Amino acid sequence: MVSFLDLKTLNTALADELNAAVAQVIASGWYIQGPHLQAFEQQFASYCGTAHCIGVANGLDALVLTLRAWKEMGKLKDGDEVIVPANTYIASILAVTENGLTPVLVEPSPSSFNLCLQATEQAITSRTRVILAVHLYGQLAEMQAVTALARAHGLLVLEDSAQAHGAQRAGVRAGAWGNASGFSFYPGKNLGALGDAGAITTQDGELAKVLRALRNYGSHTKYLNDYRGVNSRLDEIQAAMLSVKLRYLDEQTQRRRHVAARYLACIDNPRLHMPACEGGAEGALDHVWHLFVARTAERELFQQHMASRGVETLIHYPIPPHKQNAYSEWAGLSLPITERIHAQVVSLPISPVMTEAEVTQVIDACNAFGV
Ligand SMILES: *Cc1c(COP(=O)(O)O)cnc(C)c1O
């Protein structure tokens, strides 16, 4: 069976270093907000090319707390509008509503599935304050244009980089484009902890300071609380393991690109549409391929066919946020591009630990579909 993502193989390959990192933390006696978190924050800020990185408990909190910090700083207030792609993972939208802000859903580009610039521009009103750009599946949104549009309208840009560690364009990585960027280190992400973890990157020292307080009960100094903060800390054990895993990230991304390149070169079946890369072959090198998302009008048959050939496939995502019970007020919204994407997408296995034989097995199974 070719599994979708074999985390056990991926992490046991690094078991010696991970065990050593954990042993160091155990022996140190310091388990929260200590030297391992500080070291990882510095390493990840430097990796992304930002001045600051603030570790938090998960990727959702990274987004929630950034918007919250902007409220505390007087940059946002209740009811302000945040433009967000309609076809994102629901966490991006939960972060907006959690803060009493108003999500304005926009249709994506039908080719890249990323933020559509024209739709974004059309959605701007006098109440718009933020563009939340999601780098879906590991491909950067068109950030040069997004940041130019935001500048022209005086808007903040928040990147959702949960799927895009190391993705870049023009040599600038995810995390360094917006006023701030939220990352997730959920185990299945390209840089994954062995539990929950997340972070915010930013060039803004004032924002970083507010975030450091918000994640820790709103306190800069022990027992002095400047904000009604939360407990959302990235613990020492996860930070120490993330430092180990960050050293392998670029190598693992190269493996993902190799798998994607083989799929793009060798899967040739008129019933299957391959993902489009902005910027062609060069663009494919900037993409970090968190997911390899194909499209087919015969998804159920395709998944059964792949399973019968020993290949696990998944759907990212089966139901768009505006059709979820959590947002029943949007039940009447019509977003045809988003709905078509959700009805047709299917993700092929992609990971740094797939063998060449497994990649070939996926290609052969795809090419045999319907013939
Ligand atoms: C995974 C993910 C998140 C949330 O990350 P968690 O660490 O699971 O909270 C947010 N946005 C996107 C696009 C994601 O894929």
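The basis for the numbers below is simple: all heavy atoms, side chains too, and nothing from hydrogens, waters or symmetry mates. All values derive from a computational prediction rather than experimental measurement. Counting convention: from 1, in listed order, for ligands and their atoms alike.
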Contact region, Leu60 to ligand 1, non-hydrogen atoms below 4.0 Å, reads both

Between Tyr89 and ligand 1, is there a nitrogen or oxygen pair with a distance under 3.5 Å? no

Would you say the side chains of Gln344 and Thr296 form a donor-acceptor pair under 3.5 Å? no

Going by the order shown, which atoms of ligand 1 are within less than 4.0 Å of some heavy atom of Ala162? 2 (C), 3 (C), 10 (C), 11 (N), 12 (C), 14 (C), 15 (O)

Can you name the atoms of ligand 1, numbered from 1 with element, that are less than 4.0 Å from a heavy atom of Gly59? 5 (O), 6 (P), 7 (O), 9 (O)

Give me the nearest non-hydrogen protein atom to atom 1 (C) of ligand 1 as residue plus atom name, then the distance to 0.1 Å. Lys189 NZ, 1.4 Å

Is the shortest N/O to N/O distance between Ser184 and ligand 1 below 3.5 Å? yes

So which heavy atom in the protein is nearest atom 13 (C) of ligand 1, and how far is it from that ligand atom? Asp160 OD2, 3.4 Å

Contact (N/O only, under 3.5 Å) between Tyr186 and ligand 1: no

Nitrogen or oxygen of Gln163 less than 3.5 angstrom from that of ligand 1: yes

Just by distance, with hydrogens left out, do Glu81 and Thr102 show a side-chain donor and acceptor under 3.5 Å apart? no

Checking Arg173 against Tyr47: charged group under 6.0 Å from the ring centre and within 45 degrees of the axis? yes

